[in-house]
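Step one of this worksheet: look at the structure below.
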Amino acid sequence: MARFIDELKRTHLCGDLREAHVDQEVVLFGWVQSRRDHGGCIFVDLRDKSGVVQVMFDPSIGQSFELGDASRSEWVLGVKGKVRDRGEMKNPRIPTGSIEVIALEATVFNKSETPPFAIEDNTETGEDKRLEYRYLDLRRPKLQKALIARSKMMSTTRQHFDQNGFIEVETPYLLKYTPGGARNFLVPSRHQPGSFYALAESPQLFKQLLMVAGYDRYFQIVKCFRDEDMRLDRQPEFTQIDVEMSFVNEDDIFGMIEGLLFKLFKNVLGMDLHEKYPSGHFPRMRWGESMRRFGNDKPDLRFGIEHIDLTELVTEHDGGGIPFFEPIAKKLKSGEYRKDLPEEIVKALVIPASGNFTRADGDKLEQYVKGMGAGGLARAKLGDDGSWTQSPLSKSVTDAMRVAINKACNAQPGDILCFQFGPVDKVHTIMANLRVHIAKKLGLIPEYGSGGRFELLWITDPPLFERDETSKRWAAAHHPFTRPHDACLDLLEKDPGKVLCHRYDVVLNGFEVGGGSIRLHDPSVQARVFKAIGISDEEAEQKFGFLLRALKLGAPPHGGIALGLDRLAMLLTEGEAIRDVIAFPKTQKGTDMMTGAPSPVNAEQLVELKIATLK
RNA sequence: GGGGUGGUAGUUAAGCUGGUUAUAACGCAUGCCUGUCACGCAUGAGGCCGCGGGUUCGAGUCCCGUCCACCCCGCCA
């Protein structure tokens with residue numbers, strides 16, 4: 001029978017003790033945060049998941065002084081003691097600072113080697129080192145708070161969908177491989193050598209089948225696996241809040257998800273989004289408008305610096321004397337490029353004079369955009385009379401063009417105009433990133449984190465197809481089961497690039513935190529979509545046969561959405577990266593710094609699977 | 001696949017144009033100290049300068065290659 005744990009049960013958490021507990025005897029279990037030795041008395045800050053409290057070991061009180069004297073950082077202690085008021089010696093910087101615990105009796109559950117880094121929030125230790133000792137990193141209050149918040153998000157989610165009549169259904173992770181979308185992790189089959197399962201990149205097809213099966217309202221908090229390259233907000237395995245509903249339109253789904261997000265903000269941050277969105281709804285923006293104003297489909301609305309599309313203006317002026325612009329203007333005028341869907345565009349954005357950008361800053365911006373494949377960053381500073389200075393364009397640009405651009409950009413003296421031109425996607429990528437980059441340089445938003453502002457919106461009505469430049473064909477922009485707008489059905493054959501669809505993303509501070517669509521349940525329209533992207537009946541049957549068959553056996557109209565739980569958690573907890581809200585994340589190359597995964601396996605395992613590796 | 005940044009005690013960093021014994025702070029160890037809470041004071045230990053090659057009389061420093069981490073493009077809901 002051990003004295004502590006068996007006889008002495010924990011009575012309180014360290015961080016919960018307050019003046020109200022004075023004179024109470026308490027039993028605490030925790031880790032030594034720090035130890036201060038005054039020769040006579042010793043102070044130990046004891047930490048558990050709730051916080052820290054000061055324990056005092058006094059040689060004249062109790063029998064535990066020797067233990068306090070010997071203890072070191074991260075030792076695991078049990079302490080029985082009495083809470084007392086600190087009198088004049090209060091520490092206002094910590095929540096428990098007005099009291100302390102006088103140790104009467106204590107035990108060492110476990111000693112600790114000197115940890116490789118200190119367990120404290122403002123750590124300077126590099127992330128790779130912290131990932132190697134992830135269990136130590138997870139002891140830091142910041143990470144504990146993040147994971148607790150994440151847990152709160154999951155319980156809130158389950159509660160929300162439960163209250164709204166949803167059923168949580170688990171779907172398989174080991175799937176039949178279906179082409180398209182993300183690259184899959186493959187899992188070899190032992191029973192059928194040479195065959196492989198694919199790890200689920202999402203439960204997409206299964207949730208649609210659940211609608212066909214009549215479950216009507218499904219959700220799942222589910223792991224997804226994608227063998228693609230990592231980013232700050234991407235991990236090879238991540239968690240989605242996956243939702244599907246029958247007999248609904250976009251408004252129904254938006255309302256359900258808005259309801260969830262309102263609760264998540266309330267329960268995790270204590271923030272009432274009704275103050276910002278009194279209607280209970282987030283603003284909506286069409287995809288086309290988002291691309292025009294921000295260059296991507298996940299605009300950060302916390303700041304301006306919007307894009308100005310100059311393509312039309314430049315065409316009217318035949319390039320306006322600017323050699324870079326002239327070829328594009330010519331092609332648009334001659335009709336080689338369609339005016340409504342040009343292959344190349346000209347865009348500008350304005351760095352306000354208040355930013356005090358120097359030429360050196362401009363050169364750095366140029367380096368930045370070159371890193372994204374830009375040829376350069378043409379720019380011009382506005383003089384008091386509207387002239388362009390510090391610019392290679394200033395000599396050749398016509399006065400009319402210059403005045404027109406200044407007006408279109410609403411540029412003021414001292415402002416700097418930045419230009420990009422060329423293929424649409426490239427210009428958009430570069431300008432969208434440049435916009436955010438400049439906003440950070442100007443301090444309009446912090447390097448990471450919300451800065452206390454949360455801007456949510458829906459992006460709606462994107463094109464159904466996108467141009468695949470390698471095959472020169474149309475491809476499904478999302479997946480081929482997205483329902484086109486009824487008004488666009490005629491265009492499926494005539495002008496696929498102009499077909500809009502019932503797809504939507506929910507965006508928070510420049511991050512896509514969710515996306516979904518209303519699905520196509522009409523087999524005849526489905527056939528036309530396949531045809532538009534060059535998928536034959538046989539091919540469709542082979543790839544998606546089970547779903548297509550199901551859609552012909554009484555499929556209700558349905559649609560859904562999936563929210564990225566990790567990204568949402570990152571944003572709500574002010575994390576720097578998605579890794580901060582995942583207990584055991586992987587590095588950018590997919591390795592686990594702690595366990596060393598992935599690793600080679602021994603030859604017998606490969607023989608059993610009948611797998612040979614290539615050199 | 002491509003571009004960028006970084007890698008020096010346990011940790012974080014400094015180390016200039018190549019030069020003799022590679023610095024500092026924190027941490028750690030030992031001793032002193034009964035009111036600290038970033039405790040203080042004294043003493044001390046601690047280094048494959050990521051790895052491999054090259055240039056040189058001499059490389060932490062210059063060159064080439066490579067590995068690792070992070071950020072971005074491509075890719076990816």
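Predicted, not measured: the structure shown is a model, and the values here were computed from it. Convention: sequence-line order gives letters A, B, ...; per-chain numbering from 1.
Within the 4.0 angstrom heavy-atom criterion, only backbone atoms of the sugar-phosphate kind lie near A/M372; the bases stay farther away. Using a 4.0 Å heavy-atom cutoff across all strands shown, A/S202 reaches no nucleic acid atom at all. Counting non-hydrogen atoms under 4.0 angstrom, A/R84 reaches a base of the nucleic acid. Contact annotation for A/R72: backbone-only contact, meaning every heavy-atom pair under 4.0 Å involves sugar-phosphate atoms and none involves a base. In this structure, A/K129 reaches the sugar-phosphate backbone alone: every heavy-atom distance under 4.0 Å involves primed, P, OP1 or OP2 atoms, never a base. No engagement by A/G564 is indicated, since no non-hydrogen atom pair under 4.0 Å with the nucleic acid exists. Residue A/R86 is in base contact, counting any heavy-atom pair closer than 4.0 Å across all strands shown. If you check every strand for non-hydrogen atoms under 4.0 Å, A/N433 touches sugar and phosphate atoms only.
Dashed line: the shortest gap from a side-chain N or O of A/R226 to OP1 or OP2 of B/rC75 is not under 4.0 Å. OP1 and OP2 of B/rG10 both lie 4.0 Å or more from every side-chain N or O belonging to A/T114.
Applying the 5.5 angstrom centroid cut-off and the 30 degree plane-angle cut-off, the aromatic ring of A/F117 is not stacked upon the base of B/rU11.
Atom-to-atom, CZ of A/R36 to P of B/rC39 comes out at 6 Å; the value is rounded to the nearest Å.
Between A/Q220 and A/T171, the side chains place a donor N or O and an acceptor N or O closer than 3.5 Å (distance only, hydrogens not considered).
Nearest heavy-atom pair across A/A432 and A/N296 is CB-ND2, 3.7 Å.
Scanning atom types as modelled, one donor and one acceptor separated by under 3.5 angstrom connect the side chain of A/E100 and the base of B/rG35. A donor N or O paired with an acceptor N or O is not found under 3.5 Å between the base of B/rC39 and the side-chain atoms of A/R35. Between the base of B/rA77 and the side chain of A/H479 there is no donor-acceptor pair shorter than 3.5 Å.
Base-pair partner of B/rG6: B/rC68 (Watson-Crick or G-U wobble, both distances under 3.5 Å).
Residues A/P598 and A/K586 form no side-chain contact, since every pair of their non-hydrogen atoms from C-beta on lies 4.5 Å or further apart.
Ranking B/rC28, B/rC70, B/rC68 by closeness to the A/R579 side chain, first place goes to B/rC70.
Interface residues of residues 420-432 of chain A facing RNA chain B, ordered by number: A/T429; criterion, heavy-atom separation under 4.0 Å.
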